[in-house]
Trainee: 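Pasting a structure here, questions to come.
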Amino acid sequence: MVEKHLDKKSVPELEDLAAEWRKLSCAVREVAERLDYKLIWLISSFVLASILMFVYLPGDMVGEQNPPPDNLSLKLDDLLGDNGIRALTQEELDYFAKNIQLNFTVLENSYFNKKLFEAEILLTNKGKRTFPSQGWGIVFSQPSLVEPNSYPYPDGIDKPKYGVRFYFLMGNVYRMEPTSRFGTIRAGKSKFIRYISEHSNVALSDVHPNWYLEAPGLEARVIENTRGESMDFVAPYNSPAAWKRNLVIADPDYDVLSPFSATKRYLMMATEDLGVAPNPILPTPLHVQVHNPQASVNVLTNSWVIYTETRFANEAQYLSETWGMKMVLRKPGSYCISFLEEEVPVSYKDKTLPTDESYELRVTPVTNIITIKASKAAGAFYGIQSLLSLVDKDGNIPETVIVDGPRYKYRGLLLDVARNFQSKEKIFRYLNVMAMYKLNKLHFHLTDDEGWRLAIPGLEELTEIGATRCHDPTGTKCLLPFLGSGPIPGPPGSGFYTVEDYREILRYATARHIEVIPEIDLPGHSHAAIKAMMARYLKMVSRNVTEASRYLLSDLEDKSEYLSVQSFADDAINPCLRSTYTFISRVLNALYAMHRDISPLKVFNFGGDEVPAGTWEKSPVCERLRQSGVTSDLKSYLVTQISNMTSIYNLDLAAWEDGVMSEGKPMNRANLPNKNIYIYAWNNVWEWGTMKRAYEFANSGYKVIVTPATNFYLDHPSEPDPKENGLYWASRYTDMRKVFTTMPENLYLNADTFRSGKNISICEGPDKEEQCPQLLKPENIEGVQGCLFGELLRTQTITDYMLMPRMLALAERAWHEAPWESEPEKEKRMKAMNEDWTNFANTVGYKELARLDRIGFKYRIPLPGATVENNILKTSLSLPGLGIEISDDGGATWKWAQSGITPIDSSKDYLLRTSSAFGTRYSREISLFQEFNKAPSPLSSYYLVAMGVNLTFFANMLNNLL
C-alpha cells in the first residue's frame with residue numbers, strides 16, 4: 001500500500017499526503033486530549049497500530065511470507081540522487097554534533113511478554129546541512145545488554161528496517177553505525193531507530209548522558225542535546241509500559257507499583273508531626289540520664305576554654321578548631337570544656353559493651369562546666385560529636401548527662417569511586433558527615449571494571465590506562481567511555497589518587513576516628529586492571545618478555561566465553577597464573593606502605609564477588625593446574641593463596657559473601673589462617689532465597705558485616721518513580737523508613753515486599769529450617785554497612801541526594817539498638833517501631849536537616865503528601881518540620897500551604913513542593929490531582945506503541961520519507 005507511492009512521479013502527492021496527515025494528527029490529538037484520551041485515542045491508536053503491524057512487522061508475525069520492505073527513506077534518498085557517501089571533516093562532525101538532536105524513548109517494557117524492553121532513538125536534523133548516510137557512528141552506554149537474543153555478535157547486529165548496525169564494544173558500551181540502507185537526514189527531517197534490550201528501563205537514571213558522534217580519524221564530539229545531567233533528551237515515562245518493570249499480569253513478578261500520587265503519599269508515608277525534635281542527639285544515645293532545656297550554658301558568651309589530659313590532645317584540638325576556643329594547661333573553675341581519661345562502663349540488656357568508644361558527657365549550667373570522660377580517644381571524639389549536636393544556633397547547650405556507647409564495633413559506609421571518581425576534597429566532605437553521625441569505617445571501593453583509582457608505584461599503567469576513560473579506537477590509551485562518561489578524558493569518568501592524595505585521605509579519616517578499608521576487587525570486576533597490565537605487556541614484550549609478563553593478569557591463550565552481570569567478557573583475573581600473585585603482592589605492599597605511619601593497614605579487602613560462570617574454562621594454564629591435582633576449585637584456590645599472603649602481614653581478610661563461597665556454602669574457615677575474616681553479607685534479595693547467608697557465615701565462624709541490598713543499598717531510589725535516581729535490582733525502592741526499621745540480628749523479619757511490590761512470605765513450610773536457619777553465634781555479627789555504589793554518581797549533587805538523609809537512619813541502626821528489634825510479638829513490635837520512627841523522623845526534619853544545610857549537603861528533600869477534603873487541603877511529610885508550598889499558576893508563583901486551612905478550587909490544577917530546612921532549595925514539583933495508574937493497559941506490544949507513545953508515529957514515518 002505504501003510502496004506504490006514511491007514512484008518518482010508521486011513525490012508531490014507524497015508531500016500533499018504528509019501535510020494532510022500532519023493536520024489530521026494534530027486534530028485527532030487535540031480532540032483526544034479534550035476527551036481525556038478515551039474513545040478517540042483508543043480508536044485512532046487501534047488504526048495506527050494496525051497500519052504499523054502490516055507495514056513494519058516481519059512477514060512471519062502477520063501471516064505474510066514476503067520479506068519486509070527496504071528502508072523507505074533510503075529509497076526516496078536514492079530517487080533524489082544523494083547518498084552522501086564521503087568522509088566527514090572535523091568541521092562537519094562538530095557541526096552535526098551540535099545540530100543533530102537525539103531523543104530517546106522507552107516504548108515498552110516486557111516486550112512481547114519477555115524480560116526485554118524496546119526503545120526508540122530519534123535523530124532530528126536541526127541544522128541546514130544534510131546529515132550524511134555513511135561515515136559516522138554514535139557511541140553510547142546503557143545499563144543493559146542490547147539485542148541480548150543475538151549476543152554474542154562480534155560482527156554487529158543488523159537492524160535492516162532502520163538501516164543501522166549495533167556493535168557491542170564492552171561493558172554495555174555500544175556503537176551504532178549506518179548501513180547502506182540508512183540514507184541521509186535532510187534539514188528539518190527525522191529518522192527513528194528501534195532496538196531491544198535486556199531487562200527493563202523504568203527511570204531516567206536507566207539512560208546515560210553524553211552520547212557522542214565519531215568518525216574515522218576525527219576527534220569525537222558529544223551530541224549537544226545529550227550533554228550533562230539535564231537528561232532532557234529522554235522522553236517522559238508517562239505510562240505503565242514505561243514505568244513498570246514487568247507488565248505481564250500472569251507473571252509472579254508482575255510489577256504492582258506505580259509512581260506515588262500526592263494522595264497515596266499522604267496515606268502511605270505520612271508521619272505524625274510532633275512540632276519539635278524529640279531526640280536531643282542522633283544517633284540515639286544509650287542512656288540519656290538528664291536533658292533539661294530549661295537550664296543551659298552558652299558557649300558563645302564569656303571566654304570558654306578547653307582543658308585536656310594528654311591522651312585526648314588531638315580531640316581537644318579538633319574541638320578548639322571547630323569552635324575557635326583556646327586550649328589551656330590548667331583547668332579553670334568555670335567556662336571550661338574538660339576532657340578526662342576515665343573508664344566509662346556501658347551496658348544494655350544485662351550485656352556489658354566494649355568501652356573503646358564509650359563516653360560520658362556532662363553539661364552543668366550551675367558551674368558552667370562541660371566534661372567529657374572516656375577511656376580511649378575515640379570515645380572522647382564521639383562525646384564531642386554529641387556536644388556539637390546539642391548546641392543550638394545561638395550557642396545554648398541544655399543541662400545534660402549522657403552515658404553512651406555503640407552497639408557495633410563496625411559502623412560502615414561504602415563509597416564507590418571506581419565507577420565515577422570522587423576527588424579527595426569530596427571524600428573529605430563525606431568523612432566529615434560520617435564522623436558527625438559516629439560512623440567509623442570507610443569501605444573505599446577503589447577498583448572495579450570501570451576504573452582503577454589508586455596509584456601503585458611501579459605499575460603506572462594502572463592509572464595511565466585504568467583510571468582514564470575516553471574515545472580510543474585503538475583500545476590502547478584508555479578504557480571505554482563507560483557509564484556515559486563521554487569521549488574526552490576528565491572527571492568523573494577519569495581520575496585517580498596519587499600516593500600523597502591517598503595518604504591525605506588517611507590522615508583526614510584518622511583524625512575523625514574512621515578506619516579506611518581499601519577494596520581491591522578481584523578476581524571479578526577487574527577489567528580495568530586486566531587492560532592496564534595488558535597494555536604494560538604490549539609495551540614491553542618486544543624488549544623483555546619475562547618482565548612484560550611479570551604482572552600479566554590474563555592467559556593469552558584463554559578462549560573462555562563468559563559475560564559478567566555488567567556485561568564484561570574480560571573482567572576475571574586468572575588465578576592460575578603466577579603473575580597474578582606477583583601483582584597482588586605488589587599492590588598489597590604498596591597499600592601496606594601507604595598506611596604504615598598514619599593508620600596501619602589492618603584488613604585487606606579483596607572483594608571476590610560476582611565472578612561470572614564460564615571463566616577460565618578454556619584457559620590452558622588453568623587446565624594444567626587442574627590436571628596437576630593441586631585444585632579443581634579455582635576460586636577457592638585463589639582465596640586460599642590470598643589468605644596465606646595476607647596472614648604473613650598479620651592482616652585480617654575481608655570479602656563479599658560470594659567471594660568466600662564454594663558450592664553454595666561458606667568455605668571451610670579452618671583452611672584460612674587469618675585471625676579474622678570479615679564477610680559483607682549483601683545478597684538477600686528475597687526472591688532469590690539467599691537471605692540466609694549472613695547467618696550461615698556467622699555460624700561458620702566468620703565475622704559478618706550485615707549489608708542487606710534490599711535495605712542498606714543507598715544507590716536504590718527512594719520512591720518507585722521514573723524521576724528518582726537509582727538502581728532497582730534488589731528492591732524497587734528503599735526509603736528512609738525502610739533503612740531505619742532494619743533489624744540486623746532479626747534479618748528475616750525485614751522481609752516486606754518482593755521487588756514487584758507484592759507482599760512477601762518466607763520462612764514457611766516444611767523446609768523452614770533450611771530456608772531460614774537461625775543465628776546461633778550472634779557474637780559474630782560485627783556490625784552493619786550501607787553501600788553507595790557509584791554507577792550513577794556523576795556529580796556531587798547526585799551523591800548527596802542518594803546518601804542523605806538515609807545515611808542518618810543507617811547510623812541510627814549502627815549505633816543504637818532499639819528495644820523493638822528483639823520484640824517477638826508482632827503487634828507490640830510494630831507499635832514500638834512506629835513510635836520510634838515518629839520520634840526519629842521529627843528529629844531529622846526539625847533539627848538534623850538544618851545541620852546538613854549548614855555544612856552544604858544537598859540532601860533529598862522529601863516530597864509532600866496531600867489530599868483534599870471538603871475543598872480544604874491536607875498535607876503530610878515523611879519528615880515533619882519542613883514547609884510545603886503550593887502554586888495554582890503552573891509554578892509561576894508560590895505560597896505556603898497550610899494543612900487543614902488552604903482552600904482548593906477543584907477546577908484548577910495545583911502544584912506542590914517541599915522546602916529545605918533553610919528554605920534555599922525545593923523538592924521536585926508534584927501535581928496535587930495527578931494519578932499514575934489511569935493510563936491504558938496494553939492490548940498488544942505494537943498497539944501499546946501506538947497508544948502509549950504518541951499519535952504522530954505514522955506522521956513521523958511519512959515525514960521521514962520527505
Side-chain angles (χ1 to χ4, degrees), residues 36-38 41-46 48-50 52-53 56-58 61-62 104-121 142-149 192 194-207 234-261 264 685-688 716-717 719-724 726-733 753-760 930-951 953:
D36 194 22
Y37 290 91
K38 292 183 180 176
W41 178 242
L42 182 62
I43 293 173
S44 59
S45 298
F46 186 93
L48 289 177
S50 299
L52 170 63
M53 289 180 71
Y56 270 85
L57 282 181
M61 297 181 70
V62 293
F104 179 91
T105 301
V106 174
L107 301 179
E108 180 188 4
N109 289 296
S110 295
Y111 183 71
F112 279 98
N113 293 341
K114 304 293 184 182
K115 292 183 178 180
L116 305 169
F117 71 89
E118 185 183 33
E120 178 182 277
I121 300 168
Q142 63 176 42
S144 48
L145 185 64
V146 167
E147 301 292 340
N149 294 336
F192 65 86
R194 291 181 176 169
Y195 67 100
I196 309 303
S197 299
E198 197 172 29
H199 303 311
S200 59
N201 183 315
V202 300
L204 276 172
S205 54
D206 283 338
V207 184
V234 183
Y237 291 71
N238 57 5
S239 76
W243 70 57
K244 285 184 179 289
R245 295 169 44 254
N246 188 330
L247 293 154
V248 184
I249 296 176
D251 192 322
D253 193 38
Y254 169 70
D255 196 344
V256 301
L257 294 169
S258 290
F260 295 157
S261 65
K264 183 164 187 176
V685 178
W686 308 116
E687 294 94 318
W688 299 347
H716 281 47
E719 288 191 11
D721 191 294
K723 295 179 182 177
E724 289 286 341
L727 309 175
Y728 46 87
W729 60 265
S731 174
R732 184 61 187 87
Y733 70 100
T753 65
F754 293 114
R755 290 178 296 172
S756 63
K758 295 177 182 178
N759 291 332
I760 199 169
Q930 184 178 9
E931 293 287 344
F932 291 95
N933 54 3
K934 290 183 177 179
S937 298
L939 298 180
S940 73
S941 297
Y942 277 83
Y943 289 142
L944 177 69
V945 169
M947 289 190 288
V949 183
N950 56 59
L951 242 177
F953 170 78

Trainee: About how many Å separate CZ of Arg755 and CH2 of Trp688, when rounded to the nearest 0.5 Å?
Mentor: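 CZ of Arg755 is found 5.5 Å from CH2 of Trp688.
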Trainee: So which atom in Asp206 and which in Pro143 form the shortest heavy-atom distance, rounded to 0.1 Å?
Mentor: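 Where Asp206 meets Pro143 most closely, the heavy atoms are O-CD, 3.0 Å.
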Trainee: Tell me whether the count of non-hydrogen atoms from other residues, nucleotides or ligands lying under 6.0 Å of NZ in Lys758 goes above 12.
Mentor: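 Atom NZ in Lys758 is crowded, with more than 12 foreign heavy atoms closer than 6.0 Å.
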Trainee: Tell me if a side-chain donor or acceptor on Glu147 pairs with a main-chain N or O of Ile196 at a distance below 3.5 Å.
Mentor: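 Side chain of Glu147 to backbone of Ile196, a donor-acceptor pair under 3.5 Å: yes, one is there.
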Trainee: What distance separates Ile121 CD1 from Thr105 OG1, expressed to the nearest 0.5 Å?
Mentor: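 Rounded to the nearest 0.5 Å, the CD1-OG1 separation comes out at 10.0 Å.
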Trainee: Are the side chains of Ser258 and Pro240 in touch, meaning some heavy atoms are under 4.5 Å apart?
Mentor: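 Side chain of Ser258 against side chain of Pro240, heavy atoms only: no contact under 4.5 Å found.
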Trainee: Can you tell me how far CG of Asn109 sits from NZ of Lys244, rounded to the nearest 0.5 angstrom?
Mentor: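 So the gap between those two atoms works out to 11.0 Å.
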Trainee: So, for Trp686 and Ile760, which heavy atoms are closest and what is the spacing to 0.1 Å?
Mentor: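 Residues Trp686 and Ile760, closest heavy atoms: CB-CD1, 3.0 Å.
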Trainee: Do the non-hydrogen side-chain atoms of Phe754 and Pro252 ever get within less than 4.5 Å of each other?
Mentor: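 Phe754 does not reach Pro252 side chain to side chain.
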Trainee: Under 3.5 Å, is there a donor-acceptor pair between the side chain of His716 and the main chain of Ala730?
Mentor: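 A pair under 3.5 Å: yes.
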Trainee: Just by modelled atom types, is the Leu107 backbone N or O under 3.5 Å from a matching donor or acceptor in the Glu120 side chain?
Mentor: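 Checking the backbone N and O of Leu107 against the side chain of Glu120, no donor-acceptor pair under 3.5 Å is found.
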Trainee: Please report the interatomic distance CZ(Phe104) to CG(Asn201), rounded to the nearest 0.5 Å.
Mentor: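 The distance works out to 5.0 Å.
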Trainee: Should Asp721 and Tyr733 count as side-chain neighbours, where that means a heavy-atom distance under 4.5 Å?
Mentor: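 No, side chains not in contact.
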Trainee: Any sub-3.5 Å donor-acceptor pair from Tyr237's side-chain atoms to Ala203's backbone N or O?
Mentor: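 Judged by distance alone, yes, a pair lies under 3.5 Å.
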Trainee: Is a side-chain donor or acceptor of Arg245 paired with a backbone partner of Val202 at a separation under 3.5 angstrom?
Mentor: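 Here the side-chain-to-backbone pair does not exist.
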Trainee: Within the structure provided, determine whether Asn246 and Ser756 are in side-chain contact (heavy-atom separation under 4.5 Å).
Mentor: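 They are not in contact (no side-chain heavy atoms under 4.5 Å apart), so the answer is no.
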Trainee: Hey, could you give me the OH/CD distance between Tyr195 and Glu118, rounded to the nearest 0.5 Å?
Mentor: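 Taking OH in Tyr195 and CD in Glu118, the distance rounds to 10.5 Å.
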Trainee: Measuring only between side-chain heavy atoms, which start at C-beta, is Glu724 closer than 4.5 Å to Ser205?
Mentor: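 Result no, sub-4.5 Å side-chain heavy-atom pair not found.
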Trainee: Please walk me through it: do Val248 and Tyr254 pass side chain to side chain contact (heavy atoms under 4.5 Å, CB included)?
Mentor: CA-CA 6 Å; Val248 184; Tyr254 169 70; 5.7 Å; no
Trainee: Find the distance between CG (Asp255) and OG (Ser110) and round it off to the nearest 0.5 Å.
Mentor: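 Nearest 0.5 Å value for the CG-OG distance: 8.5 Å.
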Trainee: Less than 4.5 Å apart, side chain to side chain, heavy atoms only: is that true for Asn149 and Leu116?
Mentor: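 Asn149 vs Leu116: side chains touch.
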